[in-house]
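Just below is one structure, and these are the notes that go with it.
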Amino acid sequence: MNNRKNLLRLLLFVSLSFVAVILNGQTVSKTFKNEALKTVLKEVEKQTGLSVIYKTDEVNENKMITATFKNASINDVLDKILDEGLIYKLQNKMIVISKSNQQKQSKSGEKKKISGTVVDENGTPIIGASVQIKGEAQGTITDFDGKFVLSDVPEKSLLTISYIGYLTIDIAVTDEKLSKITMIEDSKLIDEVVVVGYGSMRKQDVTTSIARVGGKDLKDMPVTGFDQAIVGKMAGVQVTQTSGKPNSGATIRVRGTGTITAGAEPLYVVDGVPLERASSALETVDMNDVESIEILKDASSAAIYGSRGANGVVMITTKKGASGKAKVSYNGSVGFQTLSKKIDMLDAYEFAAFARDGHNGSYLTSYPDASPDDPNEVRKKSYDKIPPELFPYLEGQKGLTNTDWQDALYRTAPITKHSISISGGGEKTKFFISGSYLNQSGIIVNSGYERFGARLNFTYKSDKVELGVNFSPSYSIEDRVDSDNNKGMVINALMMPPVWPVYNEDGSYNYMGNGFWKIGTDYQHNAVLNPVAMANLTKDQVTHANLLGNFYFQWEIIKGLKYKFSAATNYNYFYNEYYRSSELPLQGEKYFQSPSNPVAKSSGTYYLNWLIENTLNYQKNFNGHNLNAIIGFTAQKDMMKKHSVQATDFVNDLVQNVAGGIVSTGGADSQAWALASFLARAQYDYKGKYLLSAAIRSDGSSRFGKNNRWGYFPSVSVGWRIISEDFMRNLPWVSNLKLRASYGISGNFSIGNYEHIAMLKYNQYVLGTGEGSLVSGLRPSQISNDDLGWEKTRMYNVGLDIGLFDERLTFEFDMYQSNTYDLLLDVPIPQITGFSDMRKNIGEVRNRGVEFTIGTHHNWSGFRWDASFNIAANRNKVLKLGPEDAPIITSAGVSHAYFKTEVGQPIGNYFLLVQDGVFKNQAELDAYPHFSNAKVGDFKFVDVDGNGEMDLDDDRAIVGNYMPKFTYGFMSSFAYKGIDLSFNLQGVQGNKILNLQRRYIGIFSKCSSF
């Protein structure tokens, strides 16, 4: 945002010097005979291409004009046709006519010389601000340092300070604040620029659905990446943080999910360079370098990226330099992260009582005539006995071990960020240089993330030629811990009995939870490994070197026609080093207190992606008609190579890498994909009132079969700026009103690189006579499909933009429907082929939804308040699933957690047993279908098929879905004299979450049928 404002300042500084030349350079030739003033002004608009703006209550537009003009300048025409008392000025290709507010100054009053400085809210000098004596022609503009000097100023006069994008200020010459005048930004006056694919355009000219967040809305946010910064700010964009690990990226979904087997992530484009991996964008871009983030939400806006736009496109634009004195900026922050909510677990005394009740319940079930007070000696079954280590707790002894394993594993973790930048430039060259550092400790011990980054953005521009370089390297070190899976340290911390300590008295780790209660007498307590030891005795470090660079050359061949060549590369190298110490036993009672065989792993993976683009852009403005057209050819290739090695049988733990052991296994992989594309787009408007845009892209991808290798992705959109119509002048409280509609087709090529070709894999065979011998060979592993093609999304979008009271209140409303067809699914085929299934383009999914955003912007004497609320609803429905529409049933997490996708329902419904209370007594248990091992107190499940028997597969039903009914977000910011406060909220409603943790920590082991 600051760069854009600096650019505006420079342009205004130059343009103010030539306003008179511009006005005199435009001419009018026509004879008017007894015609209304408004007719004459429309002819001026037509012949000059400028818009004429005025208030009907200030200008008598029905005044009759009789005059002849021949090559007359605009000044001559306006001086002749306008009434006395009216003034005019040129502003943003508009002639603004208004009443003069002249105030007579006393001729006998004393005059003086005054000076001062004009700055913005951040203290940055404003270049080219207009400083004028109110009611007089005398005035000046500020220089590159924001300073001004005026001589012979009447002592009792007022100064009027004005600048595009800021509220006009009137200040007395005698005011003490004259030495430093702070201007307040007025958002309604900023001609906001929106970045679109292969160009940019004014927001008022946008006819598609594009969400935008500017740099001023992102600055000073306590987050590590731009993905977290846009949480709750854009309607229809759901940002989900699924992990608290350092450097764990958020999941972004734009207008729901339209695919079942292909990737659902949006395409990321940084400074015009499409990136295959979200991690590259996250590590390349520092938050303080971001100028703006746009998300192309509908297919019409995303179609310019063709085969990669079906899931939306995230456009990230970084800051550029501006002409003027070099500006140095520093941003630093220190914060702390803590676990927001612990899971409420039993303490040691509660656990002992709970375990006793569980063992007694098992004992009394087997022996109904027994007593819960019976000692272990008379209990025959091991799992009916109570572990002796629990007796002191049951007796209520004080001062016993009572470990909170969550407190032992989690910590308060600091996070530090530093960023410094310098920007500036001259008349032809501009630069922006920055460096950044991030150090984020994880809230789990021994986890963390450290990143170093730099950026250079440089441009050179002459009359005909423009050159630019963007160069951004980064280097990061990530210490990872195994916290996510069902044997990771987090679930172990929740399952570990609190009667065991973290450490023994000698300082070594305590492993009593790892099967002690299963050795000798098997009390049937699960073996749980010490989670703190798991975190500290395992090294899993990833270093990542990332380089993104691009260069462009632009040449204006003739006026309005520009050729642009650009080349970019993105290089990523990941190196992972893993070591599991012998001090950490394997999990399970058979490994109790036994050192493990150390394991070391080492792997390296590099990606090299290059891009070449050639485009021709043509712009033409004539008689109110504006045309902007582009055609181009692009080529992109991505290559990946990976190698890995594993070693065991270490003598000791002194050398904690593969060099200290004996190599046992290894592997390597190499893959690549390529994309060739042709694109074209034309954008047209008539006087900024009637808008039309059409585009098409053709992509050829190596990922698809030869019969469907090329895909074609057209789009069209229209808009009507109703606010520009004459009849809207009678509604001065309406500042913006635009209706837009769009249609487009985009694609999804996020599949494997070789799914269309026949593949081979190694296999071993027994050949020869007798017992034979083992021989290595090859076998087919995948059948070819020359017809494999793109998943495509066809989307319709209708939108309405409204601004009221000079944009103090804004509304945006969108309705859309997208149909994703030719879904890539695995279809059963005759096994005589040697395969059970084959991937084909079948199936269709529909997403239909609405989005609404309301915003408000206010300034009261230096106090500024901005707020925005958005809400979106999306409905997902499967329309087709192949020739017979057979449902797709998969499992995740545990083997019996089923997800079902079927026609007429959204993707991925939970397909589970339906719980209907518990069996309260034996009579109820006997009267209702149940599983054979069900007991009184166990869950009662619904007999879904009604056959009187419970079956783990046949008695399942759809019980919900992970997709929310609607999402919403709210953001608000307050600023006053350099002090600001902001907050963001995001919420979802109507979705279901499957809590599989209950399987491990909510129900005592062996006591449930679940």
Side-chain angles (χ1 to χ4, degrees), residues 4 7 10-11 14-15 18 21-22 25-27 47-50 92-93 191 193-202 205 269 271-274 303-306 315 317 320-323 425-431 457-471 549-569 610-636 675-688 691-699 714-715:
R4 180 152 20 93
L7 181 58
L10 178 61
L11 292 175
V14 177
S15 62
F18 292 95
V21 175
I22 295 173
Q26 302 279 4
T27 60
Q47 293 194 26
T48 64
L50 302 174
N92 284 350
K93 298 178 66 176
D191 192 10
V193 176
V194 175
V195 176
V196 296
Y198 300 95
S200 61
M201 61 194 308
R202 296 182 302 174
D205 296 334
V269 180
D271 288 331
V273 181
I304 197 67
Y305 286 103
M315 310 281 296
T317 304
K320 306 296 187 292
S323 298
E427 181 180 349
K428 293 184 178 181
T429 60
K430 300 176 180 64
F431 66 89
N457 291 343
F458 172 84
T459 58
Y460 168 84
K461 187 175 183 180
S462 64
D463 293 339
K464 292 287 187 180
V465 174
E466 181 176 347
L467 301 174
V469 174
N470 298 321
F471 180 75
N550 68 305
F551 162 82
Y552 72 86
F553 164 81
Q554 184 171 277
W555 172 40
E556 186 174 19
I557 303 172
I558 58 175
K559 184 177 181 180
L561 180 63
K562 295 179 180 179
Y563 164 75
K564 183 177 181 180
F565 167 82
S566 62
T569 185
W610 58 257
L611 170 71
I612 293 177
E613 296 181 332
N614 292 273
T615 59
L616 276 175
N617 179 263
Y618 180 70
Q619 290 182 299
K620 180 68 175 178
N621 305 313
F622 54 96
N623 297 330
H625 300 274
N626 301 294
L627 176 65
N628 188 333
I630 186 172
I631 59 172
F633 168 76
T634 76
Q636 188 169 9
L675 189 71
S677 309
F678 298 90
L679 60 95
R681 180 179 62 206
Q683 297 166 315
Y684 166 81
D685 73 83
Y686 178 65
K687 294 185 176 180
L691 313 167
L692 172 66
S693 178
I696 187 169
R697 178 166 178 143
S698 175
D699 282 338
S715 69

Do you know which of W555, F458, Y552, F551 makes side chain to side chain contact (heavy atoms under 4.5 Å, CB included) with L467?
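Answer to the side chain to side chain contact (heavy atoms under 4.5 Å, CB included) test with L467 among W555, F458, Y552, F551: F551.
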Look at D271 together with K320 and state whether they make a salt bridge at an N to O cut-off of under 4.0 Å.
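Here D271 pairs with K320 in a salt bridge, since their nearest N and O are under 4.0 Å apart.
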I'd like to know if D699 pairs up with R697 as an ion pair, taking the criterion as any Lys NZ or Arg NE/NH1/NH2 lying under 4.0 Å from an Asp or Glu carboxylate oxygen.
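Counted as a salt bridge, because a side-chain N and a carboxylate O are separated by less than 4.0 Å.
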Are the side chain of [X] and the backbone of [Y] linked by a donor-acceptor contact shorter than 3.5 Å?
X    : Y    : result
R681 : Y198 : yes
Q636 : P274 : yes
N457 : G321 : no

[X] side, atom [atom1]; [Y] side, atom [atom2] - distance, nearest 0.5 Å:
X    : Y    : atom1 : atom2 : answer
E556 : N617 : CD    : CG    : 10.0 Å
N626 : K620 : CG    : NZ    : 11.0 Å
Q554 : K464 : CD    : NZ    : 12.0 Å
L691 : D205 : CG    : CG    : 5.5 Å

Any side-chain heavy atom of [X] sitting closer than 4.5 Å to one from [Y]?
X    : Y    : value
K428 : K461 : no
K559 : L561 : no
V469 : T459 : no
Y305 : V269 : yes

Ignoring hydrogens, what is the shortest heavy-atom contact between [X] and [Y]? Give both atom names and the distance.
X    : Y    : answer
E613 : T634 : CG-CG2, 3.5 Å
S715 : A303 : CB-CB, 3.7 Å
M315 : V196 : CE-O, 3.6 Å
L616 : I557 : CD2-CD1, 4.1 Å
S677 : L675 : OG-CG, 3.9 Å

Evaluate side chain to side chain donor-acceptor pair (under 3.5 Å) for N614 paired with Y563, printing each intermediate quantity in order.
CA-CA 8 Å; N614 292 273; Y563 164 75; 2.6 Å; yes
Intermediate values then yes/no, ring-ring contact (aromatic ring centres under 6.0 Å, His included), Y460 and F553
CA-CA 10 Å; Y460 168 84; F553 164 81; over 10 Å; no
Might you work through the side chain to side chain contact (heavy atoms under 4.5 Å, CB included) test for I612 and F633, ending with a clear yes or no?
CA-CA 8 Å; I612 293 177; F633 168 76; over 6 Å; no
Does the pair I304 and I696 meet the rule for a side chain to side chain contact (heavy atoms under 4.5 Å, CB included), with working shown?
CA-CA 7 Å; I304 197 67; I696 187 169; over 6 Å; no
As a quick check of understanding, evaluate side chain to side chain contact (heavy atoms under 4.5 Å, CB included) for I631 and L679, giving each step before the final call.
CA-CA 6 Å; I631 59 172; L679 60 95; over 6 Å; no
